[in-house]
> 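I am attaching a structure below and will ask some questions about it afterwards.
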Amino acid sequence: MKFRVRPVNRLAGTVEVPGDKSISHRAALLGALAEGVTEIHGYLEAEDCLRTIAAIQALGADVTRKGPGHYRIAGAGRYGLQEPGDVIDCGNSGTTARLLLGVLAGQPFWTLLTGDASLRQRPMARVTEPLGRMGAAVVGRAQATRLPLAVKGRRPLAAIAHTSPVASAQVKSAILLAGLYADGPVSVGEPAPSRDHSERMLRRFGARIRVERGAVTLEPGDLHGAAVHVPGDISSAAFLLVAGAIVRDARVTVERVGVNPTRTGILVALEAMGARVESVPAGAGDEAEPAANLTLEAGDLRATSVGGPLVPRLIDEVPALAVAAAVARGTTTIHDAAELRVKESDRIAALAREFAKMDVSVEERVDGMVIVGPRRFRGARVASGGDHRMAMALTVAGLVADGETVVEDTGCVATSFPRFVETLNALAGGPAVTVEA
Ligand code: S3P
């Protein structure tokens with residue numbers, strides 16, 4: 001599948017984005033582990049999160065789809081999961097794989113996990129090593145550091161205090177989930193705060209959890225089903241907001257976007273670049289997760305520097321941010337972001353390679369990039385490399401390019417934002433993007 005993108009002069013309107021991917025995964029997993037019923041509204045019905053639903057069903061949770069994005073999960077309880085009858089395929093979803101590894105560390109049976117070609121390349125040692133220290137048996141490729149992996153848990157697991165060398169919510173969450181089965185409190189520290197959706201939702205499901213001096217500590221105990229209202233995904237909204245900031249005549253509002261402070265780095269960066277971000281609190285999110293209506297208006301952008309603790313707050317938004325940086329005046333630097341190399345693709349290399357085809361040079365650094373603007377993107381034939389966020393960033397670049405852009409290999413957009421093209425075209429008031437086989 002490919003997208004043909006025509007440049008536009010105007011974007012206007014109010015749209016919604018689908019439910020937050022990180023929060024959806026967690027609602028399904030905690031629902032499966034809880035006693036009683038969990039009702040989820042606004043669940044992200046995209047490939048990644050449907051992998052998590054399929055996984056909890058394979059493990060014995062009773063899931064009913066009651067309507068679009070509305071799921072009822074009858075939890076199996078902390079000790080009620082069953083050995084799955086087949087390999088669990090996590091597809092492209094790192095969150096499914098890593099958080100499940102944490103859950104499976106506490107199950108007294110073997111489970112086999114695999115994923116697509118991208119996920120099978122991604123590092124798993126960051127979770128399998130601490131889970132091994134807690135007592136889980138993990139075997140698999142590359143000394144149990146790459147999928148496919150087989151996991152057999154132990155009860156109880158040994159409580160550990162883990163210091164993660166990377167700011168990763170997936171690592172933190174995996175260890176906290178395993179901690180539900182530990183023989184004492186488990187704690188995780190990290191170099192900078194990563195997204196805290198697990199902490200908020202675990203507390204909501206009745207877990208005893210505390211955060212002090214940068215470390216999160218969980219006391220093992222039962223979870224109880226809850227109602228979860230998933231706000232819109234700021235990582236999906238980011239593409240529309242950046243488009244709103246760079247298309248000549250634009251005013252774009254995205255409603256009910258999750259604005260958990262651990263996720264709003266893209267808004268901080270865009271404001272530092274001179275964009276005016278309007279944020280009006282909206283009640284429709286879960287009370288554990290704040291939501292807002294966000295509006296971005298076209299304006300001249302200037303370069304910025306992104307590093308340190310801001311990086312985990314916008315790590316998934318770097319492809320979108322890079323598009324804004326290319327059209328901004330001055331030299332934008334992104335550093336402390338080596339994690340970009342182990343996402344759905346190596347996003348530092350991918351941005352340099354694909355932007356070059358559009359006549360924009362991105363200087364690669366080991367832990368980031370340097371982009372000198374302002375540049376005009378030139379319409380070209382580019383490719384996502386199977387990475388949903390690259391596909392959407394290149395499409396947004398195409399909106400402000402000189403001439404037509406063809407983005408190849410765009411089926412991956414369905415992993416997080418299946419209605420991306422329709423949503424963008426609604427703002428463009430016509431078919432700025434057409435989908436071709
Ligand atoms: C996620 C955490 C981040 C992020 C990913 C989703 C999560 O990954 O990039 O898209 O839901 O916990 P890391 O934990 O590897 O930083």
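All ligand and atom numbering here is 1-based and tracks the order in the structure.
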> Going from OG1 on Thr111 to CD1 on Ile88, what distance comes out if it is rounded to the nearest 0.5 angstrom?
5.5 Å
> Looking at Glu317, Glu289, His197, which hits side chain to side chain donor-acceptor pair (under 3.5 Å) with Arg263?
His197
> I need the atoms of ligand 1 closer than 4.0 Å to a non-hydrogen atom of Ser22, numbered in the order shown.
1 (C), 6 (C), 7 (C), 11 (O)
> Considering Val171, Thr95, Leu99, Ile23 one by one, which has a heavy atom nearer to atom 6 (C) of ligand 1 than any of the others?
Thr95
> Which residue and atom name correspond to the protein heavy atom nearest atom 14 (O) of ligand 1, and how close is it?
Ser168 OG, 2.7 Å
> Compute whether any side-chain donor of one residue and acceptor of the other, for Glu190 and Ser164, lie under 3.5 angstrom apart.
no
> In ligand 1, which numbered atoms sit nearer than 4.0 Å to a non-hydrogen atom of Lys343?
3 (C), 4 (C), 8 (O), 9 (O), 13 (P), 15 (O), 16 (O)
> In terms of residue, atom name and distance, what is the protein heavy atom nearest to atom 1 (C) of ligand 1?
Gln170 NE2, 3.5 Å
> Between Arg26 and ligand 1, is there a nitrogen or oxygen pair with a distance under 3.5 Å?
yes
> Tell me whether Ala169 has any N or O atom under 3.5 angstrom from an N or O of ligand 1.
yes
> Answer yes or no: does an N/O atom from Arg389 fall short of 3.5 Å to an N/O atom of ligand 1?
no
> With heavy atoms of Asp316 as the reference, note each atom of ligand 1 found under 4.0 Å away.
4 (C), 5 (C), 9 (O), 10 (O)
> For a side chain to side chain donor-acceptor pair (under 3.5 Å) with Asp346, tell me which candidate from Arg341, Arg353, Gln121 qualifies.
Arg341
> What pair of heavy atoms forms the shortest contact from Asn92 to Arg122, and how long is it?
O-NH1, 4.2 Å
> Testing Ser236, Ser22, Cys49 one by one against Leu44 for a side-chain contact (heavy atoms from CB on, under 4.5 Å), which residue passes?
Cys49
> Quick one: does ligand 1 sit under 4.0 Å from the side chain of Arg195, the backbone, both or neither, non-hydrogen atoms only?
side chain
> Parallel under 30°, tilted from 30 to 60°, perpendicular over 60°: which one fits the rings of Phe420 and Phe239?
perpendicular
